[in-house]
Amino acid sequence: MTTRTRLRRASLPSGTPRLLASAPAQDRRSWGRAHTAVLALAVAHLPAALAYAVSPARPAAALVLLAALAVAVAALPRLPRRTRQWLAALALGMCPLFVLALPASDAWGYLDILLVWLAAGLYRRWGPWLLTAAVTVAGVIAVAAVDPVWAYGAGSAAGEPLRTLASQSAILVGAFLVVSLVHAATWTMLAAIRHSRAALETTRGLLSVVSVAASAARTLDEAAEPVLDALCDDTWPVAHLHLRRGDRFVGTAVWSALARAEYPAFVQETELRVPEVLTHVSPLSSAVATTRGAVWVSQTAGAAGLANLAQAMSPIRAEVAAAHGLRTVLLCPVAVDGDVVALVELYSPEAFTTEPEQVPTLSLMASLLGQVAERERHTTALAEQHQMLRAIEETVPDSIIIFDVQTRLVVMYSTGTARARDPRHALGRTLEELFASSETDFLGRTEADLMAELETGRPVLVLSPDTDGGRQPSELYYSARTVGDRELGFIFVRDVSEREKAARELATASSRAQALLEVTDAGIYELDCSGTVTFVNARGALLLGCEPADLLGTRLTDKVPFLTEEVAGALAGDAVGVVRRTGEVPRGTVRVPVAAAVTVRPGTDGLIVTLTDVTEAARGARLAARHAHALELNDTVVQGLTTAIYAIELGDADTASETLGTTLTSAKATIATLLADTPFDVTLLRRTHAAQMPASGGGRDDA
Amino acid sequence: MTPEDGGHGPVTVLVIDDTAALRQAVVRKLRQSGRYLVREAANGQEGLEVARLVNPALVLLDLSMPVMDGGTALPLLRQMLPHARIVIFSGFEHAELRPTLRDAGADAFIEKGVPLRTVLTMLEDLLHGPDGQPELGG
């Protein structure tokens, strides 16, 4: 069962006339059924009525003729409603009095009266019959009081009337007229009341349909279909829904059932030729948008009227409407928060000016439809919000618990991307129950302690279960917000295991770096962009003969002046790579040889300077040089003595003597050099005699 | 002519030593024997150049020299003169160096101060001995 069918069946009370309060159409519709019967009776009755009328013995026949004529005239179409009502009332009023005018034996007369009475009564069904019967009885009594008909009939039979025929006829006619007038007035008043009640009933039925549609339908299209069907009748057979798209109103496929049934060509042609006709720039839709109320566009007969319609709508649409016999259009805007979101277009084949009593009903209908549109808009927005929330839940790694602060009930539990537990187990439970059943280790805290700590605003460290069955450090954050009319608490559970790991690794690296800084033999100094010391390790302070605190905040070049140029150049950006230089720094009364390196600190404007004590290295170099000298001395002596030996062996005494002398001179010079380079006091005490040649060689130990 | 010719011709000997008087004394003694054609050089670099020219059968090489010492020149001489006998003629005994010098190509070691006639005998044995293996000097 479609929504439309369901709404239809549910909304139409039994017997509810599917009419708007449009009296001419209603008259015509209900009159259509009686019209044929009444007209047939009147036509069939005329010859007999004429025969009666020309007979002087049957003066009442003239009244029957009159009544028949009245009914026949009332059957004519295009007579104003109220005129028809009066004529029908007159005929009805007169009918009972025929009983008084006819002889008891005139069965055909009674039959005439009965048939005319029935035909006239069909106009208003059986309602007035009771009143008519009461009036008849009253009329009979009244006439009987004046001059009983039976007296007339009896008097006639006796030969002497109680009154003359003319006077009795006058009385009867007068009585007829009076009773008819009273009856007609009363009946007309009751008819008006009944008409209003019917109109109200119709309106109630329509609004009932609209209300049901507004509450049950999900979209404006769904709600509009049964509403348009309920709205339309013979007066407004064509109804069409337009929805706003940007700054234009676009025709939809929602038409009233009557429109598709009775004006299919108009529907098809409209959809093909003018699907989008109403724009915000057109005078009509602008008027609708501005006034927010129903706007009439009426076409009177003739070309002037068509021009009127065309001015308000597009020429094509006006042309199409006129071609299909539609002469009046009513536009009813559907607004949401003052913004027109749709238009209901009603067409009528009849020419109207205005019917103000219809506009409030239409406006109320439009308002209810507007609620549907508003609900649709809110539902769409809510669905989007829900999708966004779901996307957040599925992408955010943190778990989120939302609970009502007052009732402590969990209203939402998102486990984030890292958790595997089904979050639905938490819904409907209190926060305390959730904590109690949780596998999280709260590190000795009770639920009350935990909440108290959370409410201070500081993160709380706990151990949460991870997907591998172990535990990982997590932090809980708490925040409270007022949403709608209740206060909600938000608890975020964030996995901080990676952060903790990084912190541990950083601490380890820092410790390692600190240890390296302390054990290294090099003095390390960090300088800022002005050359001021911002960091110095212990070795660096020791090299300069002071404490680290004494150096912080001072300029390094005050203590190490030989680096003034290098430091200035590095700070100015002139240095490329590491600049090295050796020099000496004062340490107490001693000057210590150092090797310096200056480099720019990466990522900053500062420098890093290292100083290395090269005292031992210098000493080693000197020792190596002295050792080389000693070797040279020994080699010189050996070479010289060997040469002398060979010279002697060859019998060349002169060469031997000369060689010995040269060797001696060279040995002395070398020894003198060694002695001059000794940085300590030399002892002249020998360990062995000079003439002895110990196995290890040499008479002195090298220093 | 090489020693392998059975001594039918003079043997070319190259003496490399930076002490001129010492080098000349050794050169003189070798020439006096009449069996050697003696060339000399004052350092390892010069010695390589002369060796390339004369292709000696025997080289007397000092260790401690300027420009290029004997330790540096030894492997180069060995590479240049694969069949020659190379004798380290040093002013001191350095037992720790001998394995290294043998590996570098030295065939014998003679300590300076040993009499020249002994040097001569040792060289004879080295060139013409039954096994060609030298004795230690000293």
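Source: prediction; values computed, not measured. Chain identifiers are assigned alphabetically (A, B, ...) following the order of the sequence lines, protein sequences preceding nucleic acid strands; residue numbering begins at 1 within each chain.
Within a 6.0 Å radius of CG in A/Asp550, other residues, nucleotides and ligands contribute more than 12 heavy atoms. In A/Glu658, the CD atom is not crowded: 12 or fewer heavy atoms of neighbouring residues, nucleotides or ligands sit closer than 6.0 Å.
Residues satisfying the side chain to side chain contact (heavy atoms under 4.5 Å, CB included) criterion with A/Asp528, sequence neighbours excluded, are A/Ser530, A/Thr532, A/Thr534.
Distance CG/B/Leu22 to CG/A/Leu641: 11.0 Å, rounded to 0.5 Å. Remark: B/Arg28 CZ to A/Thr655 OG1 distance equals 7.5 Å, nearest 0.5 Å.
Inter-residue side-chain proximity for B/Lys112 and A/Ile645 is flagged as unmet; no heavy-atom pair is nearer than 4.5 Å.
Heavy-atom neighbours of chain A within the stretch residues 29-42 of chain B, taken at a separation under 4.5 angstrom, comprise B/Lys29, B/Gln32. Against chain B, no residue from residues 559-573 of chain A qualifies, as none has a non-hydrogen atom under 4.5 angstrom away. Using a 4.5 Å heavy-atom cut-off against chain A, the contacting residues of residues 59-81 of chain B are B/Asp62, B/Ser64.
The backbone N or O of B/Leu116 lies less than 3.5 Å from a partner atom in the side chain of A/Glu649, making a donor-acceptor pair.
Counting heavy-atom pairs under 4.5 Å between each of A/Val637, A/Leu650, A/Thr636 and chain B puts A/Leu650 at the top. Between chain A and the options B/Arg23, B/Arg117, B/Gln24, the largest number of non-hydrogen pairs under 4.5 Å is found for B/Arg117.
Summarising the geometry of B/Val119 relative to A/Tyr646, their closest heavy-atom pair is CG2-OH, 4.0 Å, with the distance given to 0.1 Å. Here the closest non-hydrogen pair linking A/Thr642 and B/Gly113 is CG2-N, 3.4 Å.
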